[in-house]
Visitor: 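Here's a structure for you.
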Number of protein chains: 2
Amino acid sequence: MKMSEGVEWGLHCCLALAWLGDDTAVPTATLASAFDVPPHYLNKFLQALVRADILASSAGVKGGFRLAKRPEKITLLDVVTAIEGPEASFRCTEIRRRGAGVTARPSEFAMPCGIAIAMGRADAAWRRELAAQTVADLVKAAPPAGAERMRCWYAPRAR
Amino acid sequence: MKMSEGVEWGLHCCLALAWLGDDTAVPTATLASAFDVPPHYLNKFLQALVRADILASSAGVKGGFRLAKRPEKITLLDVVTAIEGPEASFRCTEIRRRGAGVTARPSEFAMPCGIAIAMGRADAAWRRELAAQTVADLVKAAPPAGAERMRCWYAPRAR
DNA sequence: GCGATGCTACTCGGATAAAAACTGTCCGAGTGGCATCGG
DNA sequence: CCGATGCCACTCGGACAGTTTTTATCCGAGTAGCATCGC
């Protein structure tokens with residue numbers, strides 16, 4: 001059960017875009033060099049964030065990505081869901097119904113599988129915690145030096 | 001981020017063993033036929049549960065698996081950790097330090113990455129919820145008919 | 001001088017290969033029960 | 001009849017392929033800015 005690296009990349013990109021402000025579009029190559037990750041692969045995840053309406057993309061010579069909404073409106077759950085997909089990590093395949101021990105007794109299986117309920121409870125707690133934090137919270141928690149450095153580094157690259 | 005099927009299988013096996021009682025050892029083949037899963041593959045996960053001291057195995061002609069401790073002492077987190085491994089799903093690779101924008105400023109990175117903290121908080125909530133439930137709770141939540149059916153099905157196979 | 005127009009360089013976007021992890025399968029080492037044999 | 005002993009079938013345990021998901025890469029469609037040309 002390993003989460004994709006794209007989640008970490010996507011969150012860092014969102015934080016960087018929040019630092020740089022709403023009016024600057026940053027292309028994939030610039031973000032990739034900022035974190036030293038494969039540009040074309042990073043692009044894949046940025047596309048997923050655009051599809052989820054977290055980022056907005058613009059084409060052309062001064063194009064790139066920017067946040068599609070205010071940082072307070074982007075939860076960590078939004079980013080994770082956009083990249084990892086909406087399904088829960090645990091998926092009940094109803095093995096209790098298969099197998100030799102079952103003799104067609106539908107009433108017993110009217111109520112959902114207790115194991116699935118228990119795992120779903122943990123998954124809900126996980127999502128609740130993720131939904132409680134936004135990109136704006138990341139901005140507040142991070143040291144101001146990071147934002148300053150990112151701006152100073154980006155400035156000469158913007159034209 | 002998909003969890004292994006082995007978690008579901010392992011939990012159902014623990015529940016079945018709790019139903020059958022402490023004094024009967026159930027071999028892999030029997031458990032596999034109860035859920036219609038590949039026997040040799042299921043064995044792999046049962047071995048992991050033995051290594052984690054959740055199940056106890058006995059060899060020989062009447063051997064098999066049984067619970068290594070009382071159901072109240074086995075949390076869902078124990079089972080998940082035994083099969084999925086102890087690592088968190090999100091792993092911070094510190095990409096903030098790599099990349100062209102960094103100019104060797106160790107003081108800024110003395111404090112841990114805020115994104116890792118946020119994700120770790122969600123992971124902790126998930127584990128807390130899993131640790132709060134035991135196999136004994138599964139037994140109580142499940143309908144009694146299930147236990148009865150399992151016992152009736154297993155009885156003629158025991159010698 | 002001013003506006004329209006064509007071009008060019010740059011961007012995103014999705015389709016295409018390599019790698020890793022998960023899934024599934026197999027056979028060997030070891031052990032406990034059971035029948036046999038001896039007393 | 002009772003106990004010791006050897007055998008054998010059955011078990012777990014770890015090592016070996018197949019398949020799906022993840023990772024990484026590439027090239028094409030489209031667009032915005034800019035220089036050029038005409039008025």
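Computed from a prediction, not measured in an experiment: that's the story for all the values here. Each chain gets a letter, A, B and so on, in the order its sequence line appears, and its residues count up from 1.
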Visitor: Given that A:Glu5 and B:Gly64 both sit by DNA chain D, which one's nearest nucleotide is further toward the 5' end?
Guide: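 Mapping each residue to its closest nucleotide by heavy atoms, the 5'-most match is B:Gly64.
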
Visitor: Is the phosphate of C:dT23 approached by B:Ser4 (side-chain N or O, under 4.0 Å from OP1 or OP2)?
Guide: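 Answer is yes, contact under 4.0 Å.
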
Visitor: B:Asn43 CG to D:dA15 P: how many Å, rounded?
Guide: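 These atoms are roughly 14 Å apart.
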
Visitor: Would you mind reading off the distance between A:Glu8 atom CD and D:dT22 atom C1', rounded to a whole angstrom?
Guide: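 Going from A:Glu8 (CD) to D:dT22 (C1'), I get 16 Å.
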
Visitor: Once you round it to whole Å, what is the distance between P of C:dT11 and CZ of A:Arg66?
Guide: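 Rounded to whole Å, this separation is 14 Å.
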
Visitor: Among D:dG13, D:dT31, C:dG24, find the nucleotide with the atom closest to the side chain of A:Ala59.
Guide: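 From the listed options, D:dT31 comes nearest.
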
Visitor: Rounded to the Å, how far apart are A:Met3 CE and D:dT21 C1'?
Guide: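 These atoms are roughly 16 Å apart.
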
Visitor: Of all the nucleotides listed (C:dT23, C:dT25, C:dC12), which has the minimum atom distance to the side chain of A:Ser57?
Guide: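 The answer is C:dC12.
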
Visitor: Has the side chain of B:Glu8 got a donor or acceptor atom that lies under 3.5 Å from a matching backbone atom of A:Thr93?
Guide: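 At least one qualifying donor-acceptor pair exists.
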
Visitor: Does B:Arg151 reach the main-chain N or O of B:Leu20 with its side chain, forming a donor-acceptor pair under 3.5 Å?
Guide: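 Judged by distance alone, no pair lies under 3.5 Å.
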
Visitor: Taking 4.0 Å as the cut-off, does a side-chain nitrogen or oxygen of A:Tyr41 come that near to OP1 or OP2 on D:dT23?
Guide: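 Yes, A:Tyr41 has a side-chain N/O under 4.0 Å of OP1/OP2 on D:dT23.
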
Visitor: Is A:Glu94 salt-bridged to A:Arg96, cutoff N-O under 4.0 Å?
Guide: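 So A:Glu94 pairs with A:Arg96 through a salt bridge.
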
Visitor: Of the nucleotides C:dC12, D:dC26, D:dG33, which has the atom closest to the A:Phe65 side chain?
Guide: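 Nearest to the side chain of A:Phe65 among the choices is C:dC12.
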
Visitor: Tell me yes or no: between the side chains of B:Gln133 and B:Thr75, is some donor less than 3.5 Å from an acceptor?
Guide: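 No, B:Thr75 and B:Gln133 have no side-chain donor paired with an acceptor closer than 3.5 Å.
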
Visitor: Could you tell me how far apart B:Leu46 (CG) and D:dG13 (P) are, to the nearest whole angstrom?
Guide: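 So the CG-P distance, B:Leu46 to D:dG13, works out to 9 Å.
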
Visitor: B:Leu42 has an atom CG; how far is it from atom P of D:dG13, in whole Å?
Guide: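 Result: 12 Å.
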
Visitor: Ignoring the backbone of A:Lys2, work out which of D:dT23, C:dC27, C:dT11 is nearest its side chain.
Guide: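 Closest nucleotide to the A:Lys2 side chain: D:dT23.
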
Visitor: Are the aromatic ring centres of A:Tyr154 and A:Trp19 under 6.0 angstrom apart?
Guide: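 No: the rings miss the under 6.0 Å criterion.
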
Visitor: Looking only at the side chain of B:Val61 (C-beta and beyond, no hydrogens), which of the listed nucleotides C:dC27, C:dG33, C:dG24 gets closest?
Guide: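 Nearest nucleotide to the side chain: C:dG33.
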
Visitor: Does A:Lys44 or A:Gly60 map to a spot on DNA chain C nearer the 5' end, using the closest nucleotide for each?
Guide: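 Closest to the 5' end, via its nearest nucleotide, is A:Gly60.
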
Visitor: Within the supplied structure, the quantity of interest is the number of heavy atoms (other residues, nucleotides, ligands) at a distance under 6.0 Å from A:Arg91 CZ; does it exceed 12?
Guide: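 Counting neighbours around CZ of A:Arg91, more than 12 heavy atoms of other residues, nucleotides or ligands fall under 6.0 Å, so yes.
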
Visitor: Can you check whether B:Asp78's main-chain N or O pairs, donor with acceptor, with B:Thr81's side chain at less than 3.5 Å?
Guide: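 No, the answer is negative, given that no donor and acceptor are paired below the 3.5 Å cut-off.
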
Visitor: Can you tell me which nucleotide in C:dT23, C:dC12, D:dC12 comes closest to the side chain of A:Thr28?
Guide: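 Between C:dT23, C:dC12, D:dC12, the one nearest the side chain of A:Thr28 would be C:dC12.
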
Visitor: Checking all strands, does A:Gly6 fall into the base, sugar-phosphate, or nothing category for heavy-atom contacts under 4.0 angstrom?
Guide: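 Result for A:Gly6 = nothing.
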
Visitor: How close or far is atom C1' of D:dA9 from atom NZ of B:Lys62, stated in whole angstroms?
Guide: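 In whole Å, D:dA9 C1' lies 14 Å from B:Lys62 NZ.
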
Visitor: For A:Lys69, look at atom NZ and say whether over 12 heavy atoms of other residues, nucleotides or ligands are found less than 6.0 Å away.
Guide: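 Correct, the count exceeds 12.
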
Visitor: Mapping B:His40 and B:Gly63 to their closest nucleotides on DNA chain D, which lands nearer the 5' end?
Guide: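 That would be B:Gly63.
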
Visitor: Below 4.0 angstrom from OP1 or OP2 of D:dA32, is there any side-chain N or O of A:Ser58?
Guide: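 Indeed not, no polar side-chain atom of A:Ser58 lies that close.
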
Visitor: Starting at atom CZ of A:Phe45, determine the distance to atom C1' of D:dT21, rounded to an integer number of angstrom.
Guide: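 My rounded result for the distance is 12 Å.
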
Visitor: Residues from residues 47-54 of chain B sitting under 4.0 Å of DNA chain D, heavy atoms only?
Guide: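 Nucleic-acid contacts, sorted: B:Gln47, B:Arg51.
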
